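What's counted below: heavy atoms across the whole structure, side chains too, no hydrogens, waters or symmetry copies. Every value quoted in this text rests on a predicted model; they were computed, and no experiment measured them.
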Amino acid sequence: MAAPAESTSETPTNKKQKKSKNTEETELQTVPDGWKEPKFSRVDNPKGLLEESSFATLFPKYREVYLKECWPLVQKALGDVFINATLDLIEGSMTVHTTKKTFDPYAILRARDLIKLLARSVPFEQAVRILEDDMACDIIKIGTLVRNRERFVKRRQRLIGPKGSTLKALELLTSCYVMVQGNTVSALGPYSGLKEVRKVVLDTMKNIHPIYNIKTLMIKRELANDPELRTQSWERFLPNFRHKSLSKRKQPKKKTVKKEYTPFPPPQPESKVRVHKSSAIGAKQAEALTKRQEQRQKDFIPPKEKPAVKKSKPAENKIDIQAIKEKVKKAKSKKLGAPPVNPETPSVKDGRRKKVKS
């Protein structure tokens, strides 16, 4: 028998169980008030470390003068936890390594974070706090989050705010020291504050104004002071900032179609002289080819025929009735027979006859 298929929809009992588990986890994660972790002493590790560990980091040229001045203070602070520090001005690097007297295995990691913060323009007075147990640091790289350089500079300035007001508000709400330098943001403080700082910085680089996150942090700070609301969900109190639905970007009239990528380089272009000669030869060859084809086609061209003369149709005999009527009238007025060639008057004939008789 096949096993019945599991239903994808969750039952209300499962949802209640999940909620109870989440509340239990949050209760376990909360730290009791006034509790502090005991300090790590030599009694915890009397034999020390087995191997020597070391870390090195580079620093920019403009930090050379400051590091040279404050390096004795760095050596003194690290000497309390039995860690040696060396400054190499030729290579532009700082190195920290453990000694035989080092008993705290985590001290070398704190020393590594200390030289990283000093390289990122954090002053020594703030960077030395990393050696405390309840302190941590986070170096956020923001240089590759925005492609356009001008847009990146605007968003980074938005994070700092006018006269550093936004950064100061963030420091007060998270209890962290924040330093914006170049393509990185260095933060120093408790773990809970570092988490909020990272979220604000990344959202700012994603074009979300830091004032929205600062407002939510202010509300969370007020809610945390209320012991009744500490174990409840705060979603109903937090504001929901939605993005404005902007109209779609207008498409350009002329779209450039990208060519297919080929790993091979384009062929080397020919010289202009060679191209000119080849074009002239090609033109001559084409002209000769057209002449040859014309000569071959002469025998197949039919002779021109004379245009056929169209025979004019005989004009239809149109009967002029008026002319016939006039002819009939003249005929009636004249006698039948042919008229005389030189008709003479009767008076002339009688005169001739009289002359002959006489």
Side-chain angles (χ1 to χ4, degrees), residues 19 22-23 25-31 33 113 116-117 119-123 125-127 129-130 132 134-247 249:
K19 282 184 179 179
N22 291 333
T23 52
E25 286 177 1
T26 52
E27 286 176 1
L28 291 170
Q29 287 174 0
T30 53
V31 180
D33 294 334
D113 293 339
K116 276 187 178 180
L117 291 170
R120 295 315 308 153
S121 299
V122 177
E125 292 78 10
Q126 295 291 340
R129 291 168 56 202
I130 195 65
E132 298 173 9
D134 57 345
M135 283 290 164
C137 73
D138 189 9
I139 297 173
I140 307 160
K141 295 180 181 179
I142 59 173
T144 57
L145 297 177
V146 184
R147 290 183 181 179
N148 192 353
R149 186 67 186 173
E150 293 179 1
R151 198 173 295 166
F152 167 74
V153 172
K154 283 182 181 178
R155 291 181 186 177
R156 186 180 62 182
Q157 186 60 35
R158 193 182 298 166
L159 178 64
I160 298 167
K163 297 181 181 179
S165 57
T166 308
L167 206 63
K168 190 68 178 175
L170 187 63
E171 287 178 352
L172 292 171
L173 290 168
T174 57
S175 303
C176 295
Y177 174 80
V178 184
M179 180 69 184
V180 181
Q181 177 66 28
N183 294 333
T184 57
V185 177
S186 306
L188 176 70
Y191 290 99
S192 59
L194 293 176
K195 188 179 176 182
E196 297 294 340
V197 170
R198 176 171 276 272
K199 184 180 181 298
V200 172
V201 170
L202 294 179
D203 285 350
T204 305
M205 290 295 118
K206 291 176 185 175
N207 202 20
I208 298 171
H209 204 280
I211 197 68
Y212 300 136
N213 288 313
I214 287 169
K215 194 171 183 180
T216 54
L217 287 172
M218 290 171 70
I219 295 167
K220 283 181 181 179
R221 193 176 184 182
E222 291 178 2
L223 293 171
N225 295 329
D226 192 349
E228 294 179 359
L229 296 172
R230 187 175 289 181
T231 57
Q232 296 180 13
S233 178
W234 293 349
E235 290 182 0
R236 51 183 175 160
F237 301 108
L238 299 176
N240 293 322
F241 300 106
R242 295 179 182 178
H243 292 284
K244 292 181 180 178
S245 58
L246 299 173
S247 59
R249 186 175 67 88

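- Among all heavy-atom pairs drawn from Q232 and E228, the shortest one is NE2-O, 3.6 Å.
- Between the side chains of R120 and S186, no donor-acceptor pair of N or O atoms lies under 3.5 Å.
- The neighbour count for E132 CD, taken as heavy atoms of other residues, nucleotides or ligands under 6.0 Å away, is above 12.
- Atom CD1 of I214 sits about 10.0 Å away from atom CG of L172, to the nearest 0.5 Å.
- Nearest heavy-atom pair, I139 versus K116, reported as atom, atom and distance to 0.1 Å: CD1-CB, 3.9 Å.
- Listed for the D226 side chain is no donor-acceptor partner under 3.5 Å among the backbone atoms of E222.
- A donor-acceptor distance shorter than 3.5 angstrom exists from the side chain of T174 to the backbone of L170, with no hydrogens or angles considered.
- Rounding to the nearest 0.5 angstrom, the gap separating the CZ atom in R129 from the SG atom in C137 is 11.5 Å.
- Put simply, the side chain of L188 does not reach to within 4.5 Å of the side chain of D113, judged on heavy atoms.
- In this structure, Q181 CD and L117 CG are separated by 12.5 Å, a value rounded to the nearest 0.5 Å.
- Within the 4.5 Å cutoff, no side-chain heavy atoms of M179 are placed close to those of Q126.
- Proximity of P239 to T216: side-chain heavy atoms (C-beta onward) are separated by under 4.5 Å at one or more points.
- Under the side-chain hydrogen bond (donor to acceptor under 3.5 Å, both in side chains) criterion, R198 pairs with D138, not counting sequence neighbours.
- Nearest approach of Y191 to A136, heavy atoms of both residues: CE2-CB, 3.5 Å.
- Across all their heavy atoms, P210 and T204 have their closest contact at CB-OG1, 3.8 Å.
- Rounding to the nearest 0.5 angstrom, the gap separating the OG1 atom in T184 from the CD1 atom in I140 is 9.5 Å.
- Contacts classified as salt bridge (charged side-chain N to carboxylate O under 4.0 Å, His left out) and involving residues 147-174 (residues at least two apart or in different chains) are not found.
- Closest of all the heavy-atom pairs between P123 and Y177 is CD-OH, 3.4 Å.
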**Request:** Please lay out, stage by stage, how K220 and L238 fare under the test side-chain contact (heavy atoms from CB on, under 4.5 Å).
**Result:** CA-CA 8 Å; K220 283 181 181 179; L238 299 176; 4.0 Å; yes

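- By the neighbour-count criterion of 12 heavy atoms within 6.0 Å, atom CZ of F237 is densely surrounded, having more than that number from other residues, nucleotides or ligands.
- Within the 4.5 Å cutoff, side-chain heavy atoms of V178 are placed close to those of V185.
- Side chains of C176 and L194 form a contact here, defined as non-hydrogen atoms less than 4.5 Å apart.
- Residues F152 and N183 meet the side-chain proximity criterion, which asks for heavy atoms closer than 4.5 Å.
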